[in-house]
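Worksheet: one structure, shown below.
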Protein chains: 2
Amino acid sequence: MSSVRHDRESVSALALDLLDRVGLPDLSMRRLAAELDVQPSALYWHFGSKQELLAAVSDRILAGVPERGPEADLPTVASGIRDALLAYRDGAEVVMSTHALGLGDARAPGALRAVLGDDAAADALFAFILGHTMLVQQRMHAQSVGAAESPDHDPSPDADRVFHAAVRAFAAISPAVRSR
Amino acid sequence: MSSVRHDRESVSALALDLLDRVGLPDLSMRRLAAELDVQPSALYWHFGSKQELLAAVSDRILAGVPERGPEADLPTVASGIRDALLAYRDGAEVVMSTHALGLGDARAPGALRAVLGDDAAADALFAFILGHTMLVQQRMHAQSVGAAESPDHDPSPDADRVFHAAVRAFAAISPAVRSR
DNA sequence: ACCTGAACACCGTTCAAGT
DNA sequence: ACCTGAACACCGTTCAAGT
């Protein structure tokens, strides 16, 4: 007896938890189903496909970033997005592939557009944040193999410095792009 | 009778061709083996794993970018890398995952470092180029579904404008980062 | 509304054995 | 040096049927 019934929320919540524990390559529908004490086919009642599930996971990862920060400045918004990605293992990769497929909500790029006032520049900055964070997370994971220590979720001070310099640079090009 | 013997070059060359025809999700070891008229296990004599094969494919994609362009300026080098990624379907995604795992040669980031003179800024710019191009390619592929027309390999003028603005911005932050 | 059981059409990878 | 044959341990997804 499986004893518990599930819905979209509980399934995507455990999927996010499983992602953080085992990483994206080991996050399979079958393994997720096993942790839910359910047959793999049961997942397809809640989500049409694995990509749709991953889109829900992506939305969960970015749920903490405010859609509209009227008083927030660009560095705060950009750091907020990056920190949200860093909070879960392979977070950047999940959001990247979801965003690339046009799935998931537009929360993060929306927040960047609001504060930058330039859609193209905002999208470029989002692309940088995703690419940069993906590489940072991969470096962290490569380190944690052999380190045998707590796989910390913080980027190096060096990576942090480059990140903020890049954010400032994108802020600078925003008006230049608009004056086409 | 399989009639032909293969080596690393011929295998990775057909892998690149297959990638361009079917895309990364359909590029499987078994399908590649079938096109080579060979058993899947034969591929493992040439490459230790699929990732190692993809690293060779990644190197092929970037083979055209000059390691050192003493007379080349930043926009030329950056555009050269982006155009190399755009030349094959899912090129950016292959290079991104390869680079994230620390595999493949360091040709592209090396060229950026040489012209930028700042390793951290060069890595940040490479992360942007990969992220931005990945999103551009995905948009192109999404368009080509339903368009039923030639899946063209060129970015929109809009994406091109943002790209160059971002490149200029990264050039601007390079000295700022160095003066720590 | 939510899930089971069973199947379909695949994967990457290993390894002894062949030529 | 390069490949076959056979197996292992998996995948995502569909669909009739159950409760």
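In the text below, chain A, chain B and the rest are named by the order of the sequence lines, each starting its count at 1.
- Annotation: the span from B/R168 atom CZ to B/F163 atom CZ amounts to 11.0 Å, rounded to 0.5 Å.
- Ranking C/dC3, D/dT4, D/dA7 by closeness to the B/V38 side chain, first place goes to D/dT4.
- A perpendicular orientation is assigned to the rings of A/F170 and B/F170, their planes being inclined by more than 60° (bins at 30° and 60°).
- Residues passing the salt bridge (Lys or Arg N to Asp or Glu O under 4.0 Å) test with B/D123, sequence neighbours excluded: B/R113.
- Checking C/dT4, C/dA1, D/dC3 against the side-chain heavy atoms of A/R5 singles out C/dA1 as nearest.
- Taking atom CG of residue B/L36 and atom P of nucleotide D/dC3, one finds them 9 Å apart after rounding to whole Å.
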Tell me, with the steps shown, if A/M140 and A/S156 meet side-chain contact (heavy atoms from CB on, under 4.5 Å).
-> CA-CA 9 Å; A/M140 292 185 333; A/S156 70; over 6 Å; no
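- Here the nucleotide nearest the side chain of A/Q39, chosen from C/dT4, D/dT13, C/dT13, is C/dT4.
- In the model, A/S10 has no side-chain atom that pairs as donor or acceptor with a side-chain atom of A/H46 under 3.5 Å.
- Spacing of P atoms, D/dA17 relative to C/dC2, comes out at 22 Å, to the nearest Å.
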Would you mind writing out the side-chain donor-acceptor pairs for residues 23-36 of chain A within the sub-3.5 Å range, not counting sequence neighbours?
unit_1 : atom_1 : unit_2 : atom_2 : d
A/S28  : OG     : A/R31  : N      : 3.0
A/E35  : OE1    : A/R21  : NH2    : 2.8
A/E35  : OE2    : A/R21  : NH1    : 3.3

Given Watson-Crick and G-U pairs under 3.5 Å, DNA chain C in dot-bracket ([ ] crossing, | other strand) is ||.|||||...|||||.||
Pair B/F47, B/L43 - check side-chain contact (heavy atoms from CB on, under 4.5 Å), show working.
CA-CA 6 Å; B/F47 297 95; B/L43 300 178; 5.8 Å; no
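- Every residue two or more places apart in sequence or in another chain that forms a side-chain hydrogen bond (donor to acceptor under 3.5 Å, both in side chains) with B/E52 is listed here: B/R8.
- Annotation: of the two residues near DNA chain C, A/R30 and A/P40, the 5′-most nearest-nucleotide partner is A/P40.
- Going from the P atom of D/dA9 to that of C/dA9 covers 23 Å, rounded to whole Å.
- Under the salt bridge (Lys or Arg N to Asp or Glu O under 4.0 Å) criterion, A/D7 pairs with no residue, sequence neighbours left out.
- Within residues 22-29 of chain A, the residues having any heavy atom under 4.0 Å from DNA chain D are, by residue number, A/S28, A/M29.
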Let me have the donor-acceptor pairs involving side chains of residues 80-88 of chain A, under 3.5 Å, with sequence neighbours excluded, atom names and distances please.
unit_1 : atom_1 : unit_2 : atom_2 : d
A/R82  : NH1    : A/D160 : OD1    : 2.7
A/R82  : NH2    : A/D160 : OD1    : 3.1

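- Contacts of residues 88-101 of chain A with DNA chain C (heavy atom under 4.0 Å): none.
- Within residues 41-58 of chain A, the residues that have a heavy atom under 4.0 Å from DNA chain D are, in order of number, A/S41, A/Y44, A/S49, A/K50.
- Evaluation of the salt bridge (charged side-chain N to carboxylate O under 4.0 Å, His left out) test over residues 85-112 of chain A, restricted to residues two or more places apart or in two chains, returns A/E67-A/R107.
- Residue A/L101 shares its hydrophobic cluster (ILVMFWY side chains chained together at separations under 4.5 Å) with A/L103.
- The hydrophobic side chain of B/W45 is isolated, with no ILVMFWY side chain under 4.5 Å apart from it.
- Put simply, CZ on B/R8 is 12 Å from P on D/dC2, counting in whole angstrom units.
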